[in-house]
Amino acid sequence: MKKLILIALILACAGCHKSGNPRDQFKWPETGTPCDSLLQRLDTQYLGFTPLDTMQATLHELERQSARHGIKERMEGCVNYWKGCMLIRQGCDSAALPYFRHSEAADDFDKGYVYHRARYYVNYLSGADSRKQFSDLLEDLDYYEKVGDVPMQAITTGRICNQFFAYGDYTTALRYSLEADSLFALSGQTGGRLKNNLNLSNTLYNAPDGDTLKADRLLHELVSLPSLPLDPEVCGAVLRNSYLHFNDTASLLHASHLSFQNPADIEGHAVYNLLLGDMYNDQARVDSAKKYTQRALDDAEKITSHMRRAIIYDLAARMMQVEGKTDSLVFYMQKAAYERSAFIAENEGARLVAIDNARRLAIHENEKRHLQRENRFKITVITAIACSLVILALFYVFRKRKQAELKRMESELEMQRLNREITAIALSMEEKDNLFNSITKKLDRMREEHTIQPSVATQLETAINLHLGNKEERENLHTIITGA
């Protein structure tokens with residue numbers, strides 16, 4: 001019977017994934033005021049095991065700061081969201097729903113971060129159609145990936161795990177639970193990872209390729225966690241599982257005490273009365289077993305799960321058998337059979353939902369892979385084009401440098417050629433200069449010997465001086481060219 005009770009109760013973990021995280025990992029709209037850090041702090045506190053009064057004080061400060069900085073209306077969606085979360089932490093789910101509806105409506109036009117955060121709770125608390133819930137979860141996951149919110153990716157992945165677990169697809173549930181664990185580790189969210197271990201242990205117990213020893217270890221770690229009582233919902237689920245897997249009666253008594261202290265936890269009361277009746281029946285404590293079985297029967301119609309009601313009626317039938325009340329035994333056996341038939345019909349519908357969810361998940365993942373391939377192809381093309389442009393630019397620069405080098409070498413060769421020509425001309429002119437010098441000396445000697453007329457000597461001397469002036473110009477030109 002414990003196995004049946006475990007499967008019937010295990011969905012209590014579905015609400016365990018709530019918000020919280022180190023600064024700037026959660027992508028709340030920024031205001032440039034202290035409200036930004038307070039929103040991050042609330043997430044960190046809520047995902048961790050923080051006392052309720054501490055979180056409520058943070059929420060009160062958020063309201064105060066939003067009013068002080070004149071952004072009260074702008075922060076309305078965020079404030080209502082956290083008011084709803086505080087009520088959930090207290091087990092007042094029905095009272096929390098209106099706050100999440102207001103929060104969702106405040107961001108409905110933009111359908112941004114607050115909208116996605118609130119919509120999950122609106123769907124969950126209002127019992128929205130399972131197909132809508134699943135579609136919205138896939139949209140939420142895509143959105144959180146887009147904005148880079150790793151903790152909310154982890155939380156949403158855990159919620160998808162719960163969807164598959166609810167419909168008996170434990171293999172897919174295990175895959176998503178392990179993925180959530182990796183994302184929590186990546187984000188550094190210790191509290192979130194510990195809470196996800198409840199989902200992980202559940203899937204490891206039930207998946208065909210699960211690991212019972214690892215599931216036992218995770219559950220033992222959760223039971224021994226000192227801060228566990230600070231989150232009543234998680235605490236109750238962990239303690240129930242400890243009883244169902246380890247026959248830890250002390251854990252069951254503790255969990256039932258927590259539930260009975262909360263008047264709003266009506267279905268929880270029925271569940272714990274059922275478990276206590278079963279426990280005392282196993283212990284042959286007939287009076288206690290009758291007491292809690294009767295309480296479970298009184299609350300049976302308040303329970304929505306056909307399987308849970310069937311288990312209650314089975315327990316009542318066992319009690320009637322012990323007391324020898326045949327008519328009552330037959331009555332409760334018939335009621336249990338009816339609830340089981342209803343559960344089978346419901347389960348068939350759930351199986352179809354699970355198949356449809358698996359189909360839509362496959363389509364969603366294929367679309368994501370296709371988009372990733374397209375993005376990789378675009379990146380490859382862009383990289384190839386960029387590399388080609390770089391290569392062309394390098395080739396252009398290299399070609400320009402080679403052309404400049406060739407021009408420089410041509411210029412040097414041309415200068416060398418000109419220098420050689422000038423040198424040859426200079427040598428030729430030097431021979432002529434030597435001839436003129438010889439003539440000048442003869443002219444001077446003829447003047448001394450009076451063998452030449454003075455006017456003729458003057459004309460010859462003028463011509464020689466003109467030639468010597470051109471010689472200086474040639475020497476200057478030669479110096480300039482050879483120096484270059």
Side-chain angles (χ1 to χ4, degrees), residues 12-28 34-66 75 78-93 95-96 99-100 103 113-114 117-118 120-121 124-125 149-156 158-159 180-181 183-200 218 221-239 254-255 257-259 261-262 264-265 268:
C13 69
C16 292
H17 292 288
K18 298 159 187 167
S19 342
N21 184 10
R23 178 171 175 77
D24 295 333
Q25 288 191 355
F26 287 87
K27 305 302 180 182
W28 294 100
C35 294
D36 297 342
S37 61
L38 288 167
L39 285 169
Q40 297 292 332
R41 189 188 305 169
L42 278 167
D43 265 323
T44 304
Q45 293 173 344
Y46 199 61
L47 191 57
F49 296 88
T50 304
L52 179 62
D53 57 350
T54 302
M55 292 188 292
Q56 288 175 328
T58 306
L59 176 55
H60 176 72
E61 180 63 14
L62 176 66
E63 291 185 273
R64 192 181 73 83
Q65 290 292 342
S66 63
M75 294 296 295
C78 302
V79 169
N80 279 321
Y81 174 87
W82 284 112
K83 284 182 176 179
C85 289
M86 296 302 115
L87 288 167
I88 285 182
R89 178 58 65 88
Q90 298 172 71
C92 304
D93 290 8
Y99 287 99
F100 289 116
S103 179
Y113 190 79
V114 179
R117 290 285 294 260
Y120 164 74
Y121 284 111
Y124 173 63
L125 296 174
D149 193 324
V150 178
M152 283 308 300
Q153 290 178 50
I155 291 169
T156 306
R159 290 167 177 168
D181 180 70
L183 287 166
F184 276 122
L186 179 64
S187 68
Q189 288 302 314
T190 305
R193 195 176 186 188
L194 285 170
K195 290 181 180 181
N196 184 67
N197 283 345
L198 178 59
N199 280 358
L200 185 54
L218 292 173
E221 289 176 358
L222 288 169
V223 171
S224 60
L225 195 66
S227 56
L228 180 64
L230 296 174
D231 191 327
E233 186 176 10
V234 177
C235 181
V238 169
L239 294 176
H254 186 191
H257 176 70
L258 292 175
S259 176
Q261 282 185 321
N262 181 7
D265 190 16

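Keep in mind the model is a prediction, meaning the values are calculated, not measured. We count residues from 1, following the sequence as given.
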Could you check whether any side-chain heavy atom of [X] comes within less than 4.5 Å of a side-chain heavy atom of [Y], counting everything from C-beta outward?
| X | Y | answer |
| --- | --- | --- |
| Pro232 | Asn262 | no |
| Val114 | Arg117 | no |
| Val223 | Leu228 | no |
| Phe100 | Tyr81 | yes |
| Leu39 | Trp82 | yes |

message: Tell me if a side-chain donor or acceptor on Ser103 pairs with a main-chain N or O of Tyr99 at a distance below 3.5 Å.
response: no
query: Would you say Gln25's side chain and Ser187's backbone share a donor-acceptor pair under 3.5 angstrom?
result: yes
Sequence neighbours left out, what passes side chain to side chain contact (heavy atoms under 4.5 Å, CB included) with [X]? Give chain and number order.
| X | value |
| --- | --- |
| Leu230 | Phe49, Pro51, Ser227 |
| Thr50 | Gln45, Thr54, Met55 |
| Ala185 | Arg193 |

Least distance between heavy atoms, [X] atom then [Y] atom:
| X | Y | result |
| --- | --- | --- |
| Ser259 | Gly268 | OG-C, 3.5 Å |
| Ala180 | Ala154 | CB-O, 3.6 Å |
| Gly158 | Asn199 | O-ND2, 3.7 Å |

task: Can you sort out the partners of Asp93 under salt bridge (Lys or Arg N to Asp or Glu O under 4.0 Å), two or more places apart, ordered by chain and number?
output: none
Candidates Leu47, Thr190, Val150 - the one meeting side-chain contact (heavy atoms from CB on, under 4.5 Å) with Phe184: Leu47
Rounded to the nearest 0.5 Å, what's the gap from [atom1] on [X] to [atom2] on [Y]? Could you check?
| X | Y | atom1 | atom2 | answer |
| --- | --- | --- | --- | --- |
| Asp149 | Thr156 | CG | OG1 | 8.5 Å |
| Met75 | Gln65 | CE | CD | 10.0 Å |
| Arg64 | Cys35 | CZ | SG | 10.0 Å |
| Leu52 | Gln90 | CG | CD | 5.0 Å |
| Leu38 | Cys78 | CG | SG | 11.5 Å |
| Tyr121 | Ile88 | OH | CD1 | 5.0 Å |

message: If the threshold is 4.0 Å, N to carboxylate O, is there a salt bridge linking Lys83 and Glu63?
response: yes
- prompt: Parallel, tilted or perpendicular: which describes the rings of Tyr113 and Trp28, with under 30° parallel and over 60° perpendicular?
  reply: perpendicular
task: On the 0 to 90° scale, with breaks at 30° and 60°, tag the Tyr120-Tyr124 ring pair as parallel, tilted or perpendicular.
output: parallel
message: If you apply the rule side chain to side chain contact (heavy atoms under 4.5 Å, CB included), what do you find for Leu183 with Asn196, and how did you get there?
response: CA-CA 11 Å; Leu183 287 166; Asn196 184 67; over 6 Å; no
statement: Sequence neighbours excluded, the answer for side-chain hydrogen bond (donor to acceptor under 3.5 Å, both in side chains) partners of Glu221 is Arg217
statement: His257 meets the side-chain hydrogen bond (donor to acceptor under 3.5 Å, both in side chains) criterion, sequence neighbours left out, with Gln261
message: Would Asp231 and Lys195 count as a side chain to side chain contact (heavy atoms under 4.5 Å, CB included) here? Give the steps.
response: CA-CA 10 Å; Asp231 191 327; Lys195 290 181 180 181; 2.7 Å; yes
